[in-house]
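Keep in mind it's a predicted model, so treat the numbers as computed, not measured. Here, residue 1 is the first one in the sequence, and each next residue gets the next number.
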Amino acid sequence: MPSPPRCCCSASPRPPQRKSATRKLIYVASSRSSSSSSSSSSSSSSSSSSRSPTSTAHSACCAPARPASYVFESASRAADKRLSTSTSTSRLSTSSSRTMSNFWADVVNTTAFSYLKLSIAASTSVAALLSTALYFKQNDLIYPRHFPPEARTEMFTPDKFHMQNWDTVDLPTPDGETLRSYFLRGSGIQRKGVTVLLLHGNAGNVGYRIPIGKVFAEQMGCNVFMLGYRGYGLSTGKPDEKGLKTDAETALEWIFKNDETKDTRVVIYGQSLGGAIGIQMAARHQDRLSGLMLENTFTSMRAVIPNVFPPAKYITRLCHQVWPSEETIPKVTSIPILFLSGLQDEIVPPAHMKRLHQAAGAATKVWKELPNGSHNDSVLEPGYFEFINDFIHDEVMRTKKAQ
């Protein structure tokens, strides 16, 4: 779920490095421009920067943005300055000595990565619109699949980020929709026999999250199924709570039956809205899963609306898109859960994540804070991928593989 603009130009402090005698993965982010970025990606970035779209109505977590040129430039500058000073060390493998400097820099300055930080601020006018159209038009407001303007006609593919070992998956659902998704194969000697179901946050499409999938696949050695929700990107249909649950169910069944993934440990990774979907799936399929990872997820859709649209706080009962995460997460008892909380989240207050952590019924609950992380840029914070890597190694790999 995109967030309001904020100044992200100050560099993040260098995190403490941890050494391991057995396994080591060094994340070094560089601000250099990628010399190997494809001309197609550069062209897309240039054309996007020249436009100045604004939005009139998006979601309970999404509203009008500043001009795209301002957003892209400020997002890139923020990423450049922050990542140029960010260094963190994580355990992985004694043979995994390559750094992230030549890896992360290839994706950090691209248009797709800029969309991860795309700023969308709630306004009073949108709140008034929500107040009058919440019931009949709330799906269009809550699921802003048409933002940014090209999100329903253009979608990045992994080859734009120099990935080779991947497939496009046009996933058919039981109710007749086709979901344009990607399957990224884990690579390198650090392969773990883990498959991650990536459930992205609101707005944009799954193509904008490929840089995250690339880290999972090429740095952590995990297979990644990147699900394209119905009505988002090049997938058919229109999103709603029931439909998005069907999409995630269908993706899990694909993972459980596919020859390359059926014998692996399966972990769900959900950001914001994706975390709400992930909680529902974990409650239903925990006997077949090995872990759940949540980033900046809300307790329920009704609970988060007043934070984004204060004038709508008296009519949240009209919202039929519920996503009752706080009610559901106590049912997830048999798999470990990682909570990644950006303490500067301006869309989903950090208190939501705290409440989910407290309500979770899992025996193993790992809580990690990102002090400077806002709703969209927590992924850029020092230690983010280190926390995930350690969770997979220390908790997921210890769980019994589903039969």
Side-chain angles (χ1 to χ4, degrees), residues 1-4 6 58-63 116-117 119-122 127 130 134 138 141-144 199-203 241 244-245 248 268-283 291-332 336-362 365-381 384 387-388 391:
M1 292 185 180
S3 63
R6 72 177 181 87
H58 298 307
S59 74
C61 302
C62 225
L116 291 176
K117 292 171 60 60
S119 301
I120 307 171
L130 179 68
L134 180 61
Q138 64 184 266
L141 297 169
I142 291 173
Y143 308 110
L199 303 173
H200 67 77
N202 222 338
E241 186 170 359
L244 293 177
K245 290 177 184 178
I268 294 178
Y269 165 79
Q271 297 177 295
S272 193
L273 172 64
I277 301 172
I279 290 171
Q280 299 299 315
M281 294 304 102
L292 173 64
M293 300 183 288
L294 305 173
E295 179 210 307
N296 295 339
T297 298
F298 45 85
T299 56
S300 74
M301 185 62 72
R302 290 176 177 175
V304 79
I305 286 175
N307 184 66
V308 184
F309 302 100
K313 63 182 178 180
Y314 299 112
I315 59 169
T316 55
R317 65 185 183 280
L318 297 179
C319 182
H320 53 64
Q321 301 296 293
V322 182
W323 295 109
S325 298
E326 190 173 12
E327 295 179 11
T328 306
I329 201 167
K331 302 174 184 178
V332 183
I337 306 177
L338 172 64
F339 296 83
L340 297 165
S341 179
L343 299 187
Q344 304 303 316
D345 193 329
E346 68 289 4
I347 297 297
V348 179
H352 282 240
M353 283 289 284
K354 274 290 188 182
R355 288 172 61 181
L356 289 177
H357 178 262
Q358 293 168 358
K365 300 186 291 186
V366 180
W367 175 263
K368 296 296 181 181
E369 295 180 347
L370 304 161
N372 297 313
S374 65
H375 192 69
N376 288 312
D377 66 6
S378 289
V379 69
L380 295 176
E381 288 302 299
Y384 183 92
F387 295 150
I388 291 176
F391 177 77

Test applied, side-chain contact (heavy atoms from CB on, under 4.5 Å); reference residue, Tyr269; option that passes from Leu199, Leu292, Leu338, Ile388: Ile388
Looking only at heavy atoms, the pair that brings Thr297 and Gly275 closest together is OG1-CA, 3.4 Å
His200: which residues meet the side chain to side chain donor-acceptor pair (under 3.5 Å) condition with it, sequence neighbours left out? none
If we ignore hydrogens and angles and just use 3.5 Å, is the side chain of Glu369 paired with the main-chain N or O of Leu343 as donor and acceptor? no
Could you tell me if Gln271 and Glu295 have a donor-acceptor pair between their side chains, going purely by distance under 3.5 Å? yes
CD1 on Ile279 to CH2 on Trp323, rounded to 0.5 Å: 10.5 Å
Using the side-chain contact (heavy atoms from CB on, under 4.5 Å) rule, pick out the option among Leu356, Leu294, Ile277, Val304 that qualifies with Ser325. Leu356
Is there a donor-acceptor pair closer than 3.5 Å between any side-chain N or O of Asn307 and the backbone N or O of Ile347? yes
Check Glu381 against Leu370 and note the closest heavy-atom contact, atom names and distance. CB-CD2, 3.9 Å
Kindly compute the distance separating CZ (Arg302) from SG (Cys319), expressed to the nearest 0.5 Å. 6.5 Å
If only atom types and distance count, is the side chain of Glu241 paired as donor or acceptor with the main-chain N or O of Val322 below 3.5 Å? yes
His375 versus Val348, closest heavy-atom pair with distance: CE1-CG2, 3.5 Å
Parallel, tilted or perpendicular, judged at 30° and 60°: which one describes the rings of Phe339 and Trp367? tilted
Residues at least two apart in sequence or cross-chain that pass side chain to side chain donor-acceptor pair (under 3.5 Å) with Thr328, listed by chain then number, are Gln280
Is there side-chain contact between Asn202 and Ser272, with heavy atoms separated by less than 4.5 Å? no
Donor-acceptor contact present, side-chain Lys365 to main-chain His357, <3.5 Å: yes
Minimum heavy-atom distance between Asp345 and Pro350, given as atom pair plus value: O-CD, 3.8 Å
Of Glu327, His352, Lys354, the one forming a side-chain contact (heavy atoms from CB on, under 4.5 Å) with Thr299 is His352
Distance-minimising heavy-atom pair for Arg355 and Glu326: NH2-OE1, 2.7 Å
Interatomic distance, CG@Asn372 vs CG@Asp377, rounded to 0.5 Å, equals 8.5 Å
Distance from Gln321 atom CD to Tyr143 atom OH, nearest 0.5 Å? 3.5 Å
Polar side chain donor-acceptor pair, Asn296 to Ser378, under 3.5 angstrom: yes
Residue pair Met281 / Ile268: nearest heavy atoms and the distance that separates them: CB-CD1, 3.6 Å
Which residues pass the side chain to side chain donor-acceptor pair (under 3.5 Å) test with Ser341, not counting sequence neighbours? none
